[in-house]
Amino acid sequence: MTTEAHDPTRGDDGPPNFIRDMVEERLRQRPDAPVLTRFPPEPNGYLHIGHAKSIALNFGLAALAPQGGCNLRFDDTNPTTEDTEYVESIQRDVQWLGYQWSGPVRYASDYFEQLYQWALQLIREGKAYVDSQSLEELREGRGNFHAEGRPSPYRDRSVEENLDLFQRMRAGEFEDGQHVLRARIDMSSKDVKLRDPLMYRIRRAHHHRTGDAWPIYPMYDWAHGQSDAIEGITHSICTLEFQNHRPLYDWFLDAIGVAEPRPHQTEFARLNLTYTVLSKRKLQRLVRESHVDGWDDPRMPTIAGLRRRGVPAAAIRAFCERIGVARRDGNVDVSLLEHHIREELNASTRRVMGVLRPLKVTLENLPDDFQVTIDAPYHPEDPSFGARPLPLSREIYIERDDFMEDPPKKFFRLAPGQEVRLRYAALIRCVGVVKDASGEVTELRCTWDPETFKKNPPDGRKVKGTIHWVDAKAAVDAHVNLYDRLFVAEDPNAADDFLSTLNPRSVERLRGCKLEPSLAQLLPGHSVQLERLGYFCADLDSAPGAVRLNRTITLKDAWAKIAARQT
RNA sequence: UGGGGCGUCGGCAAGUGGUAAGCCAGCGGUUUUUGGUUCCGCCUACCGUAGGUUCGAAUCCUACCGCCCCAACCA
């Protein structure tokens with residue numbers, strides 16, 4: 001029997017959802033039916049984990065069909081906010097997540113000419129007109145939830161005049177704001193969106209792709225559905241806030257005469273995460289005001305940030321599968337994301353040792369030239385990870401947190417007179433504490449029990465604690481950044497000012513950390529588990545002589561809970 | 001006080017007339033030279049509320065309540 005390799009990007013492992021049901025039903029009726037979706041970001045910011053949900057959905061749906069595909073299309077209709085930096089980062093992030101769009105990258109700006117021709121058609125058919133009111137007049141005329149809109153005095157211009165004005169708009173004869181092109185729908189509609197929405201505005205701005213070719217730019221509603229139609233998209237998936245746009249989406253498709261089968265819009269709830277901010281505006285502000293070190297700061301929920309933090313793409317995919325897709329707004333607990341990060345890293349990383357806050361320990365009863373090399377496995381459950389040689393001599397470093405002069409109950413680590421196991425080595429007993437003038441502990445004097453080297457004590461005594469350590473001579477120095485959540489509020493969006501809920505200790509930059517020698521060669525972007533401490537990833541600038549680690553996430557810590565209860 | 005949506009365990013989320021899956025979190029235990037992992041339990045939801053239809057309703061009907069989105073020449 002051959003097992004078909006499961007494609008992790010296929011997206012059918014999570015709970016069922018109404019959109020997938022819809023697509024599967026279509027495929028039941030016609031197995032060769034095309035399923036063409038698209039991921040349509042505006043290139044005005046970096047992708048974040050909320051986008052990952054949409055990406056996983058769109059690519060996952062397309063993968064359901066033999067004739068499936070998902071396009072990457074930049075919705076680049078607003079040149080003043082868009083930039084190629086974002087065009088590039090978005091492509092990089094989508095691919096890093098493990099997805100490949102079908103065919104070339106698409107741009108709404110590729111369709112500007114077609115859109116323009118369709119607009120001329122609508123004008124000729126009396127379905128669009130040039131309005132020359134000011135912004136204020138336009139707003140006033142649109143009315144509000146309680147007041148109907150009033151027709152613009154320009155609403156009944158002749159086709160000829162409209163054509164002439166619109167062509168001159170396109171030719172660049174007018175200034176920004178002088179005219180707009182509007183669809184002639186219904187100024188008295190209860191749906192404000194249908195009160196003659198704007199199709200074009202004059203914007204004499206340089207576009208990142210079309211340069212100065214166009215002085216007019218289409219609005220979202222006029223560009224999006226038409227782009228879908230041009231590409232033959234079957235399922236136009238978007239988030240809930242676009243529900244109000246669906247009647248318009250359909251109106252424009254009707255107006256230009258796109259017949260069935262044609263694209264249809266379906267909405268789902270966007271992702272919200274606890275202790276996280278996912279609005280582009282807010283993320284932008286964090287970057288602009290330097291509350292973080294850029295879009296790829298490891299504390300950012302951006303794909304670039306998560307990547308630099310050491311979060312595997314597979315963990316993000318699994319998370320997106322797990323949270324499901326529905327129409328109700330929610331707030332997903334960030335611990336679910338953390339669960340998937342740990343799950344993935346637990347299976348994929350080597351276990352090694354490193355000491356973050358070193359405390360020197362001298363093993364008194366060992367000779368000065370004592371030296372052993374321990375063969376230590378890289379993974380406790382998976383021998384295929386192999387092993388590495390671990391040197392140990394008379395002086396080692398242990399974690400400061402692993403020693404307490406006056407320990408509380410259930411502290412299974414080092415304390416005066418107490419015994420612990422050195423991971424992969426032997427039991428040691430603390431027989432002396434050296435302090436400096438200020439009373440700070442600077443060194444521990446311990447004895448090494450050779451009878452317990454790599455085996456349990458012959459006398460049957462039980463020692464519950466095992467601590468990590470690094471040989472002092474062989475240690476590799478490193479800088480390690482410890483990250484915590486960026487916000488202290490469960491819902492930063494609920495605060496008057498989300499910045500007031502910023503976590504002042506979201507990063508701790510440690511110097512002089514001591515790592516076992518095998519870590520000197522850790523490649524940038526690669527992850528390991530530092531035993532008992534968590535998962536760490538070598539930063540972009542990490543090098544053999546200057547190792548830089550980012551902590552992706554801690555291990556679950558039962559002791560932390562016990563200790564918290566005791567205080 | 002308009003229009004469009006949505007309300008199932010602490011958080012996600014199945015279920016769409018036959019008597020409430022699963023995951024996360026939390027709690028307890030097992031295994032363990034990581035207080036990690038694994039494994040095993042517990043977490044006993046009157047399905048927003050109130051009526052109604054039905055032998056039977058989270059699922060159908062009615063009313064009410066609550067939350068989200070829409071009045072950008074943003075997407």
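Below, chains carry the letters A, B, ... as their sequence lines are ordered, and counting in each starts from 1.
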Donor-acceptor contact present, side-chain [X] to main-chain [Y], <3.5 Å:
{"X": "Lys193(A)", "Y": "Pro247(A)", "result": "no"}
{"X": "Arg421(A)", "Y": "Thr452(A)", "result": "yes"}
{"X": "Glu343(A)", "Y": "His339(A)", "result": "no"}
{"X": "Tyr217(A)", "Y": "Ala205(A)", "result": "yes"}
{"X": "Asp382(A)", "Y": "Ala347(A)", "result": "no"}

Compile the donor-acceptor pairs under 3.5 Å between side chains in residues 169-177 of chain A and protein atoms, sequence neighbours left out, one pair per line.
| from | atom 1 | to | atom 2 | distance (Å) |
| --- | --- | --- | --- | --- |
| Arg170(A) | NH1 | Ala213(A) | O | 3.2 |
| Glu173(A) | OE1 | Arg168(A) | NE | 2.7 |
| Asp176(A) | OD1 | Arg204(A) | N | 2.9 |

Report the base-pairing partner of [N] (Watson-Crick or G-U wobble, both distances below 3.5 angstrom), or none.
{"N": "G66(B)", "answer": "C6(B)"}
{"N": "C74(B)", "answer": "none"}
{"N": "G35(B)", "answer": "none"}
{"N": "C60(B)", "answer": "G52(B)"}

**Request:** Describe, in one word, how the ring planes of Tyr86(A) and Trp295(A) are oriented to each other, choosing from parallel (under 30°), tilted (30 to 60°) and perpendicular (over 60°).
**Result:**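 Perpendicular.
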**Message:** Below 30° counts as parallel, above 60° as perpendicular, anything between as tilted: where do the rings of Phe498(A) and Phe487(A) land?
**Reply:**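 Phe498(A) and Phe487(A): tilted rings.
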Nearest-Å distance once atom [atom1] is located in both [N] and [M]:
{"N": "A14(B)", "M": "A50(B)", "atom1": "P", "result": "25 Å"}
{"N": "C6(B)", "M": "C74(B)", "atom1": "P", "result": "30 Å"}
{"N": "C47(B)", "M": "U32(B)", "atom1": "C1'", "result": "41 Å"}

**Earlier contact from the 5' end, RNA chain B, for Thr274(A) and Leu337(A)** =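 Here Thr274(A) is the residue nearer the 5' end.
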Filtered N/O pairs between nucleotides 32-35 of chain B and protein, under 3.5 Å:
| from | atom 1 | to | atom 2 | distance (Å) |
| --- | --- | --- | --- | --- |
| U33(B) | O3' | Arg423(A) | NH1 | 3.2 |
| U33(B) | O2' | Arg423(A) | NH1 | 2.0 |
| U33(B) | O2 | Tyr424(A) | N | 2.9 |
| U33(B) | N3 | Arg421(A) | NH1 | 3.3 |
| U33(B) | O4 | Arg421(A) | NH1 | 3.4 |
| U33(B) | O4 | Ala425(A) | O | 3.4 |
| U33(B) | O4 | Lys454(A) | N | 3.0 |
| U33(B) | O4 | Lys454(A) | O | 3.3 |
| U33(B) | O4 | Lys455(A) | N | 3.2 |
| U34(B) | O4' | Glu531(A) | OE1 | 3.4 |
| U34(B) | N1 | Glu531(A) | OE1 | 3.4 |
| U34(B) | O2 | Gln529(A) | OE1 | 2.9 |
| U34(B) | O2 | Arg532(A) | N | 3.0 |
| U34(B) | N3 | Gln529(A) | OE1 | 2.6 |
| U34(B) | O4 | Arg351(A) | NH1 | 2.3 |
| G35(B) | OP1 | Arg532(A) | NH1 | 3.0 |
| G35(B) | O2' | Ala558(A) | N | 3.2 |
| G35(B) | O2' | Trp559(A) | N | 3.2 |
| G35(B) | N7 | Arg413(A) | NE | 3.2 |
| G35(B) | N7 | Arg413(A) | NH2 | 2.7 |
| G35(B) | O6 | Phe412(A) | N | 3.0 |
| G35(B) | O6 | Arg413(A) | NE | 3.1 |
| G35(B) | N1 | Lys410(A) | O | 2.6 |
| G35(B) | N2 | Lys410(A) | O | 3.1 |

Rounded distance in Å - [atom1] ([X]) to [atom2] ([N]):
{"X": "Gln265(A)", "N": "G5(B)", "atom1": "CD", "atom2": "C1'", "answer": "13 Å"}
{"X": "Leu336(A)", "N": "C23(B)", "atom1": "CG", "atom2": "C1'", "answer": "7 Å"}
{"X": "Trp251(A)", "N": "G4(B)", "atom1": "CH2", "atom2": "P", "answer": "20 Å"}
{"X": "Phe268(A)", "N": "C12(B)", "atom1": "CZ", "atom2": "P", "answer": "16 Å"}
{"X": "Asn17(A)", "N": "C12(B)", "atom1": "CG", "atom2": "P", "answer": "17 Å"}
{"X": "Asp491(A)", "N": "G11(B)", "atom1": "CG", "atom2": "C1'", "answer": "13 Å"}
{"X": "Phe18(A)", "N": "G15(B)", "atom1": "CZ", "atom2": "P", "answer": "12 Å"}
{"X": "His339(A)", "N": "G22(B)", "atom1": "NE2", "atom2": "P", "answer": "15 Å"}

**Asked** Which parts of nucleotides 67-75 of chain B does protein reach within less than 4.0 Å, heavy atoms only, written one letter per nucleotide 5' to 3' as B for base, S for sugar-phosphate only and - for none?
**Response** -SBBBSBSB
**Prompt:** Between Ile216(A), Asp131(A), Leu165(A), which is the residue that forms a side-chain contact (heavy atoms from CB on, under 4.5 Å) with His179(A)?
**Reply:**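 When side-chain contact (heavy atoms from CB on, under 4.5 Å) is applied between His179(A) and each of Ile216(A), Asp131(A), Leu165(A), only Leu165(A) qualifies.
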Under 4.0 Å between a side-chain N or O of [X] and OP1 or OP2 of [N]?
{"X": "Lys561(A)", "N": "C27(B)", "result": "yes"}
{"X": "Arg322(A)", "N": "C24(B)", "result": "no"}
{"X": "Arg328(A)", "N": "G7(B)", "result": "yes"}

**Message:** Just to be sure I understand the rule, does Val334(A) reach a base, reach only the sugar-phosphate, or reach nothing, if contact means heavy atoms closer than 4.0 Å?
**Reply:**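 Result for Val334(A) = nothing.
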**Item:** Test side chain to side chain contact (heavy atoms under 4.5 Å, CB included) applied to Arg327(A) and Gln243(A), step by step
**Value:** CA-CA 11 Å; Arg327(A) 295 182 71 95; Gln243(A) 272 179 117; 2.5 Å; yes
